[in-house]
Number of protein chains: 2
Amino acid sequence: MKKVTTEPTQSTEERIMAAGREVFTKKGFAATRTRDIAEAAGINLALLNYYFRSKKKLFDLVMIGKLQSFFGFIGPIIYNDKTSLETKIEMIVSSYTSLLMENPDLPYFILGEARNNPELMLNAMPKKDFLKKSAFIRQLANKKTGQDPYQFLLSILGMIIFPFLMKPIFKTLTNTNDAKFKQMMIQRVKLIPNWCKAMLRAS
Amino acid sequence: MKKVTTEPTQSTEERIMAAGREVFTKKGFAATRTRDIAEAAGINLALLNYYFRSKKKLFDLVMIGKLQSFFGFIGPIIYNDKTSLETKIEMIVSSYTSLLMENPDLPYFILGEARNNPELMLNAMPKKDFLKKSAFIRQLANKKTGQDPYQFLLSILGMIIFPFLMKPIFKTLTNTNDAKFKQMMIQRVKLIPNWCKAMLRAS
DNA sequence: GTCTATAGAGGGATAGAC
DNA sequence: GTCTATCCCTCTATAGAC
């Protein structure tokens with residue numbers, strides 16, 4: 001377990017938090033040992049408990065932050081009445097892709113811990129019916145294609161997020177290196193909105 | 001931990017194996033306790049070690065089986081020179097959807113354990129360049145859309161598999177119950193191939 | 001605040017009776 | 001083959017010195 005690269009000015013608490021984010025995100029709650037976090041933070045194990053009381057409490061703090069980065073930026077996009085559906089799709093694709101290129105372990109972590117703790121999602125949501133009441137879903141429904149807008153949403157998200165989930169398998173199966181994979185993800189920022197337009201016309 | 005529903009004629013070994021499949025798939029390797037498996041199998045903990053030597057050895061056997069069910073059926077579909085690209089897409093969508101409706105925890109399990117053990121995938125593959133040499137990839141490339149066929153493949157798989165990964169979050173966010181979700185997945189068996197046709201025309 | 005040392009619980013594995 | 005009892009290591013958490 002390598003030491004996390006941290007600003008020298010970071011406080012001990014921040015360094016433990018950063019290490020917690022790194023290790024928990026990569027290995028999940030169960031497979032993570034507090035010793036790994038302490039080592040990654042370059043501190044003694046006792047300090048973790050001194051600052052955060054327990055493994056679980058640190059984990060919960062990490063989780064809250066991750067949920068916010070995963071769901072936080074999408075609100076302003078899908079609730080914007082001024083932008084067209086096409087523009088929203090482009091923004092969602094490019095924002096999520098940037099986020100996931102920076103945090104490749106994020107989706108697996110979120111999906112996994114959501115399985116153990118589905119209600120946690122609700123608390124992370126700004127409000128009830130967060131999706132349902134959005135301009136994005138309304139605009140999709142107004143296309144009058146007779147289709148469930150959520151079906152379309154699942155497909156967009158799948159096209160954006162799934163490649164990052166499949167990355168380890170994909171790299172192995174297709175002999176793709178990191179640079180090539182990154183390049184593919186950048187290409188998808190253009191590809192996916194085009195595909196979406198075609199899908200909307202078709203349905 | 002409830003007892004696994006098993007045939008009364010199953011041998012003890014088979015019952016432990018079935019319980020292992022269930023618990024490992026649901027919770028992953030690290031979060032699974034051998035005691036959970038023993039309880040689910042309705043046997044004593046010592047018998048697990050008697051039949052399988054260790055937790056890890058049982059896990060590996062479970063993993064091999066899961067990999068085969070996840071990758072096994074796709075070979076005959078994508079290597080069939082007689083079927084059209086469109087037919088292959090329909091077959092992939094419907095086969096995978098059936099599989100995942102029966103085994104909703106399967107994709108998360110496969111993706112997760114593949115992170116820890118990427119080389120494992122290679123051993124599960126029938127041969128080197130399994131994808132690359134398939135009729136499916138060749139047919140996609142022959143579309144001469146100037147596009148990387150793997151980009152398209154990632155999208156299809158994302159549309160099929162991602163909803164199952166997102167199921168817990170999706171149900172919470174949209175107040176969808178199991179019956180409704182299942183119905184949506186069945187609808188997607190028709191929707192996805194149509195979308196794919198539109199995407200291929202577009203690109 | 002930060003360390004060392006250790007308590008205490010949990011869980012994988014085995015010995016040995018039946 | 002199947003059970004009970006238990007070993008022993010690992011890991012979380014804390015006590016207490018500095």
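Quick caveat, the model's predicted, so the values are computed rather than measured.
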Considering residues at least two apart in sequence or located in another chain, which fulfil the side-chain hydrogen bond (donor to acceptor under 3.5 Å, both in side chains) criterion with Asn44(A)? none
Which residue pairs pass the ring pair (Phe, Tyr, Trp, His ring centres under 6.0 Å) test with at least one member in residues 110-132 of chain B, sequence neighbours excluded? Tyr79(B)-Phe130(B)
Going by the rule salt bridge (Lys or Arg N to Asp or Glu O under 4.0 Å), which residues pair with Glu86(A) if we only count those two or more places apart in sequence or in a different chain? Lys143(A)
Between Phe59(B) and Phe29(B), does the ring centre distance come in under 6.0 Å? yes
Give the angle between the helix axes at the two ends of the helix from dG1(C)-dC18(D) to dC18(C)-dG1(D), taking five base pairs at each end and rounding to 10°. 10°
Could you encode protein contacts along nucleotides 1-14 of chain C as a string, one character per nucleotide from 5' to 3', using B for base contact, S for sugar-phosphate-only contact and - for no contact, with a heavy-atom cut-off of under 4.0 Å? BBBB------BBBB
Do Asn142(B) and Gln139(B) meet the criterion of a side-chain donor-acceptor pair at a distance under 3.5 Å? no
In this structure, which one of Ile89(B), Ile92(B), Thr83(B) forms a side-chain contact (heavy atoms from CB on, under 4.5 Å) with Ile77(B)? Ile92(B)
Can you name the side-chain hydrogen bond (donor to acceptor under 3.5 Å, both in side chains) partners of Thr87(A), sequence neighbours left out? Ser84(A)
